[in-house]
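Structure, as structure tokens:
Just so it is clear, the model here is predicted, and its values are computed rather than measured. Labels below follow one simple rule: chain letters A, B, ... track the order of the sequence lines, proteins then strands, and each chain is numbered from 1.
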Protein chains: 2
Amino acid sequence: METFPKKPAKPRAEKTRVGAVTLRDVARVANVSVATASRALTGTGLASAETQKRLIQVAADLGYRPNTFARGLKTKSSKLIGLAIHNLENASFRVLAEVVQTRMRALGYEVILSITSDDPGQERSTLATLADHSIDGLIVVPTGANGPQLLGLENAGIPVVCVVRRDEGALLESVLAADPEGAYAGTRHLLALGHRRIGLIVGREDTTSGKERLAGYLRALHEAGLPVDRALIHHGRYVPETGVTAANALLALKEPPTALFVANHESSLGVLRVVSERGISVPDDLSLLCYEDTPWFEWQRPALSVVDSGASEMANLVVDRLMQRIGGAANGGREYRVGVRLIERASCRALEGR
Amino acid sequence: METFPKKPAKPRAEKTRVGAVTLRDVARVANVSVATASRALTGTGLASAETQKRLIQVAADLGYRPNTFARGLKTKSSKLIGLAIHNLENASFRVLAEVVQTRMRALGYEVILSITSDDPGQERSTLATLADHSIDGLIVVPTGANGPQLLGLENAGIPVVCVVRRDEGALLESVLAADPEGAYAGTRHLLALGHRRIGLIVGREDTTSGKERLAGYLRALHEAGLPVDRALIHHGRYVPETGVTAANALLALKEPPTALFVANHESSLGVLRVVSERGISVPDDLSLLCYEDTPWFEWQRPALSVVDSGASEMANLVVDRLMQRIGGAANGGREYRVGVRLIERASCRALEGR
DNA sequence: CTGTTAGCGCTTTCAT
DNA sequence: ATGAAAGCGCTAACAG
């Protein structure tokens, strides 16, 4: 743990604002017991409509703010939820963070952000820390290596919902993209346009998304009665460099593809660079279809067609699920899939003479 | 506040893990009083080196995790810090979030993320909520409209450090980019390349950054003895659309600029689109210099030259400053500036016959 | 419907 | 160096 020099704590404003008004103060002013004040203010328990109104008024006048610690000590609830994601650069993760935080705030919760870098070690330690803070729930893009810890949280009474990825080792509620259908739909689109040699750039086969997207691609090909040319399929890590390597390999083929399905979101940048450097014109020389929408796909010229995996829909659904769980719903271990949507822009064209 | 249906709370694992081990348990097993256990474990107060070692062992064996609420109730410290930023889409803000969260975790703090959308109302309410959670410190990109509230936090003993933007209405410690120098350096670069008509796309004049960057641009021009053509300067909000409007206006000029300085980060996308649509070749027909680096500037072809405003350096510095403040340093109301860095890539060329 | 009371788990005087 | 005990501010029985 990084350390930091601790100055000899100069006299500074006390952390407890002097005279921070407590429930006792409110009760005293209103001439009731703290218990009544508590009931009136929390709305729980029974309090005469009149006293309630009066207490709320007094509390407001005094500028009363309940102490989170004291309340949490009793209720075990922190009104904090954890959000553990790989990074903020991937468009889906970024949207996830934005939507989750916005909605959670509206629901009276704050979110503790934790970036795991897809590293099991970091995920493990962050899980422990979040538990220490008594989060009321956790939304996590699991690395897949900490199923037991995730289940541990559940057993400790902290609802966990996975999103985007699933932890194969734990029966957890999960909100995922419809990756098999997405890749299928994208491939079908290209097929319908007359393309027969379709290059696929996709995540590694040891990731669920990599596997599922490949499956969708293959299914579309099979249904079309087309042979599978393994040389057209390139697996790689979720980084731009993958796009460079893959695009270069694919375009150097004796019989290069007429269309590229970039189903590895992060690779898009790399692919675009290669295409530009090789002087290839999109969509005239090559059709390009990406996966997971991001604002700049639309600003790009030509605007990039995309299979949108519905990041914000997933985010909203995962919030809904978590709230249900916090509200008492049992962990069904159920899996939810958000459908994809094909957004046609200008990077794919129909092949001549099809 | 968004509401949510509350199911009748089915019997679910208790929130308090059954038998969560408390300090009392540790003390009992180690045959000491809770007081001694507390002292030994926190390292504070005096405890014989031996008992301390033993307690730490016992605590580990029992899987003891201190209760954050109980501790906070006494210490007034939550080990939580707030991060209030406009959005996660802007490259600088995103980097800020990543760096702050990573470093803070290493320092033993978690960060509560709050997105304000640059909206004073949201900022105000989030400030109150963060205070309720007894954050130990706040890093904020201020909207500028809530100086009093920010000062209020300070008075309540919660150190506040501003970053990227400054709140003109409050004397708060701030970590900023060296915007005047940045715009000056960028303009000088273009000038040195022989450009005489340099278009400037910049933030609105009622924002500090807009003002400061314009000033830097003007200074460079003056020093070069060049007249200022107001038609070459375009102010606008921090959105891609601004780039479209501005670029179109600038390029439609009778005597169009030979270089464009896009000192409004968000506008870059829009400018790029216009340039592409107009069939303008960069840097042959037009030199392009952007502000605030972002990964895709480097992947773009031609790679975009940029005045990097040092987002990650600002993030690191703001964390350092906040830690000093939490450690007891007084609010100097001091302003720190992180120097910019010109990164030459391939989007600017020297003008013939200069 | 309201008041009294007993803690939640921890840190911190104050004794010893 | 250690223990006993007093709360931190709040909620939740339990009486009334």
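Nearest nucleotide to the side chain of N67(B), out of dA5(D), dA12(D), dG9(C): dG9(C). Between dA4(D), dG3(C), dG9(C), one nucleotide has an atom nearer to the side chain of A35(B) than all others, and that is dA4(D). With dT11(D), dG9(D), dC10(C) as the choices, the nucleotide that has an atom nearest any side-chain atom of K74(B) turns out to be dC10(C).
Each of S48(B) and R24(A) has a nearest nucleotide on DNA chain D; the 5'-most of these lies closest to S48(B). If you find the closest nucleotide of DNA chain D to A70(A) and to T36(B), the one lying nearer the 5' end belongs to T36(B). Both L73(A) and T51(A) sit near DNA chain C, but only T51(A) has its closest nucleotide nearer the 5' end.
No donor-acceptor contact under 3.5 angstrom links the side chains of D132(B) and T68(A), judged on distance only.
When the side-chain nitrogen and oxygen atoms of S38(A) are compared with OP1 and OP2 of dC10(D), none of them lie within a distance under 4.0 Å.
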- Any chance you could lay out the salt bridge (Lys or Arg N to Asp or Glu O under 4.0 Å) test for R105(B) and E110(B), step after step, and finish with the verdict? CA-CA 6 Å; R105(B) 180 182 21 219; E110(B) 294 298 308; 5.5 Å; no
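In this structure a side-chain-to-backbone donor-acceptor pair under 3.5 Å is missing from D119(B) to T116(B).
Interface remark: the R39(B) side chain does form a donor-acceptor pair with the dG3(D) base, using a distance-only criterion of under 3.5 Å.
Side-chain contact between E123(A) and P142(A): present, with at least one pair of heavy atoms (C-beta onward) separated by less than 4.5 Å.
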